[in-house]
Structures are given as C-alpha cells and as structure tokens.
J.: 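A single structure is presented below for examination.
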Amino acid sequence: MPVAILAHDRQPATIPLPAAPRGGSTSRAGPEAPPVERAEITSGLLRGSACLSPKYFYDQRGSELFEAITRLPEYYPTRTERAVLLRHAGAIAQTVGTHGVVIEPGAGSCDKARVLCRLLRARQYVAIDISADYLQGAVARLRAALPGLDAWAVGGDITAGMQLPPGIAARDRLVFYPGSSIGNFDPPAALALLQRMHELAAGEGGGILIGIDLPKDVAVLQAAYDDAAGVTAEFNRNILAHVNRLIGADFDPRQWRHEAFFNTAESRIEMHLAACGPQRVRWHGGERDFAGGERIHTENSYKYPLPVFMDMLARAGFHAPQAWTDKRGWYALVHARA
Ligand code: AVJ
C-alpha cells in the first residue's frame, strides 16, 4: 500500500534501475545451490506460512537493486548513517581510538570502511563476506585509495564461528557492523551474533561500532520500504528469480505482489510477497500450491529503541556504550567496549 511521504523528500524518480535478466525468470538448468542451502530454501517454502531468508535477495541484480534503494528519497538509513558519522566524526574517533584494526562482517563494497578507516587512521582492515570473490575487487579498490592500510579480504560466515587468519592483530580490534544489518535478525539471533562479535573483539582495546535504525513515525518507515518508484518491490520480487536458479524452481515473479508494513508489536518492518492468484510452484524434488493472496515472508527489519539495543549489547558482554544520532533521532551509531 503506497504511503504518503514527506513533501520535501519527494523527488522525481530518476533512479536508473538495473535491467531485468533476459530470457525469462524460469530456470531450465539444474539447481545451483549446494544441498544444505536447497534444503533450507525448500523447507521454508513448505512451511505453513512460507518464508525465505533475506540473504537470498543478494544475487548480482539484487545487490544492484539494493544500491538503487540506498539512493531513493524515501530510504533514509544509508544517508542518515553517513550524516551521523560525519556529524560526530571527531567524537567517534576519540571514543573508538585511532591506529587500530577494523573488522567488517558482511563488508560488500567496503564503501563505508573507506570513510571509517580514514577517520580512524586504521592500521589493518579485514573485510569478511560469504562471497569472497566479490570482496577481492572491493578490497583492491580500498587498498588503492588508502595505500598505508593493510587490507584483507576473508571469505567466511561469522555466524558459523569462523576464525580470522593469524596475520590479524589481536589487540585494538573494532568490529564495524554498519547499515542496520543487525535488524535482519530476530532478537535471539541478533544476540548470538553480537556474542560472536564480542569474541572477535575480545583482545585488549577491542570494541564494536554498529548502526541501529531507530523506531520512528510509521509513515516514514513504511515509505522507506514501499517507495513510490517501486524499486523495493522489484528488489523483493527478485528473490524469486534468484531462488529459481538456486533450487531449479519456476516462480513467475510477475505473479507476486510486494507488501511492506510496520508490525508495531514486534517493532519491525515486514516484507512479504503475496500471490496475485492461485498458483503451483515446482522445483527439483518438490512443489507447493499457493492460494491467491497467500504470502511468502521475505524479510524482517527490526527497529530497536536505543535502551533495548544497549541492553542487548550488555547481555552480549559489551560495556561502556555510547551512541551518536542525527538531528531527527532516526538512526544511531553505537560504540561499546568488549
Ligand atoms: C540491508 C537489511 C539493512 O532492512 O533496511 C532495504 C534491507 N530491505 N529495503 C534494511 C532492505 C528493503 C536493509 N538492510
């Protein structure tokens, strides 16, 4: 449902959209995902209320669509986080400390790390991501921009308890987790992830710097996840094209409608895809019938009140928390010591 957005935020929708892949969305080749992932995806699809993990948004086109989202007038988190970092740069550098090691799980393009590593005069930077291939290029660009920085690209999943290479200094580690990515996890999983980050930063002088999207006017939240240009809708539907390739399914993304709303009781944005009509979806080794209007839950994006998040940090073992926000109080960068 489209929601009115603040008048001064409205701009002509001139964001160029990445082109849809040619040759239709149905995969005729075999499933591309390894068996464990295929099992995870199909069990989600077979559940009473079907769901897919938001990690499957990010194929090539999905990553491009997310980039386009971050430039939308309605999507405030990315530019607000940048504003918070610039507004409080001096205080952040002073609190966090300079010349340390910046470790960024889920680093992606490393764009935010460039600003932070420069600000903190970091000595080492470690980008961690599940897809190490994509990381290599991003880390190479970072090295070119900051020649004094010892930058590493490490493939792995910190939720799975991976170890860092021995070349990474053990002291003065700062785990950097920007973008309010923590909002994608439900509170127990978020706590477990913070505990893992605490282990990574446990040496002397260690800490965390994390981006938190705060609760705010529901119309602002809903517009950010249901933009006028329909980019978020396209991003949401694209998960089906990706899943088609991963499990050899025959979803028709055009037969699914984007839905985004704020669930007040859970303090989270929910994104769903609703079937435009009854349909049968088949994949290698299974199938499911969906009734018209039946939904697949694709994402939660939790909006934590600052005290609630501070409490979670404490339960993960962190102390001495400090938060910086923008003028409107929409977004916080939080630092805490391990
Ligand atoms: C990348 C998980 C932080 O929740 O705001 C953007 C993803 N989904 N629009 C978010 C997203 C729809 C984003 N995170």
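Reckoned from all heavy atoms, side chains included, excluding hydrogens, waters and symmetry mates. Start at 1 and go down the list; that is how both ligands and their atoms are numbered.
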J.: Between Y225 and ligand 1, is there a nitrogen or oxygen pair with a distance under 3.5 Å?
T.: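 Yes: some nitrogen or oxygen of Y225 is under 3.5 Å from one in ligand 1.
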J.: Does Y76 reach ligand 1, in the sense of a heavy atom lying below 4.0 Å from it?
T.: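 The answer is no: ligand 1 sits nowhere under 4.0 Å from a heavy atom of Y76.
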J.: Mark up the atoms of ligand 1 that fall under 4.0 Å of a heavy atom belonging to Y58, in ascending order.
T.: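 Answer, ordered by atom number: 1 (C), 7 (C).
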J.: How far is atom 13 (C) of ligand 1 from its nearest protein heavy atom, and which residue and atom name does that atom have?
T.: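 Protein heavy atom at minimum distance: Y75 OH, 3.4 Å.
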J.: Considering residues at least two apart in sequence or located in another chain, which fulfil the ring pair (Phe, Tyr, Trp, His ring centres under 6.0 Å) criterion with F235?
T.: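 With neighbours one apart ignored, the set is F57, Y58.
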J.: Based purely on interatomic distance, does K303 place a nitrogen or oxygen under 3.5 Å from a nitrogen or oxygen of ligand 1?
T.: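 The answer is no, given that K303 and ligand 1 share no N or O pair closer than 3.5 Å.
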J.: If you measure from each heavy atom of G179 to ligand 1, is any distance below 4.0 Å?
T.: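 G179 counts as a contact of ligand 1 under the 4.0 Å cut-off.
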J.: Which residue owns the protein heavy atom closest to atom 11 (C) of ligand 1, what's the atom, and how far is it?
T.: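 Minimum-distance protein heavy atom for atom 11 (C) of ligand 1 reads E299 OE1, 3.6 Å.
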J.: May I ask you to decide whether K112 forms a salt bridge with E81, counting only side-chain N to carboxylate O separations under 4.0 Å?
T.: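 Between E81 and K112 there is a salt bridge, with a charged N closer than 4.0 Å to a carboxylate O.
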J.: Run the side chain to side chain donor-acceptor pair (under 3.5 Å) check on N300 and D186 step by step: do they pass?
T.: CA-CA 8 Å; N300 290 321; D186 64 23; over 6 Å; no
J.: Check whether any side-chain heavy atom of L273 sits under 4.5 Å from a side-chain heavy atom of L52, and report yes or no.
T.: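 No, side chains not in contact.
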J.: Of all the atoms in ligand 1, which lie at a distance below 4.0 Å from a heavy atom belonging to S180?
T.: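 It comes down to these atoms of ligand 1: 3 (C).
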J.: For the side chain of D226 and the backbone of A260, is there at least one donor-acceptor N/O pair under 3.5 Å apart?
T.: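 Between the backbone of A260 and the side chain of D226 there is no qualifying donor-acceptor contact (under 3.5 Å).
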J.: Is it true that F57 lies under 4.0 Å from ligand 1, counting heavy atoms only?
T.: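 No heavy atom of F57 comes that close to ligand 1.
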J.: Return yes or no for this condition: an N or O of S301 is under 3.5 Å from an N or O of ligand 1.
T.: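 Among all N and O atoms of S301, at least one is under 3.5 Å from an N or O of ligand 1.
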J.: For ligand 1, which atoms, with element, lie under 4.0 Å from some heavy atom of F66?
T.: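 Reading through ligand 1 atom by atom, the close ones are 1 (C), 6 (C), 7 (C), 13 (C).
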J.: Is the shortest side-chain N to carboxylate O distance from R61 to E64 below 4.0 Å?
T.: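 Result for this pair is no, no salt bridge flagged.
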J.: From R295 CZ over to W256 CH2, what is the distance, rounded to the nearest 0.5 angstrom?
T.: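 The distance works out to 11.5 Å.
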J.: Which residues pass the ring pair (Phe, Tyr, Trp, His ring centres under 6.0 Å) test with Y331, not counting sequence neighbours?
T.: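 Partners of Y331 by the ring pair (Phe, Tyr, Trp, His ring centres under 6.0 Å) criterion come out as none, since no residue qualifies.
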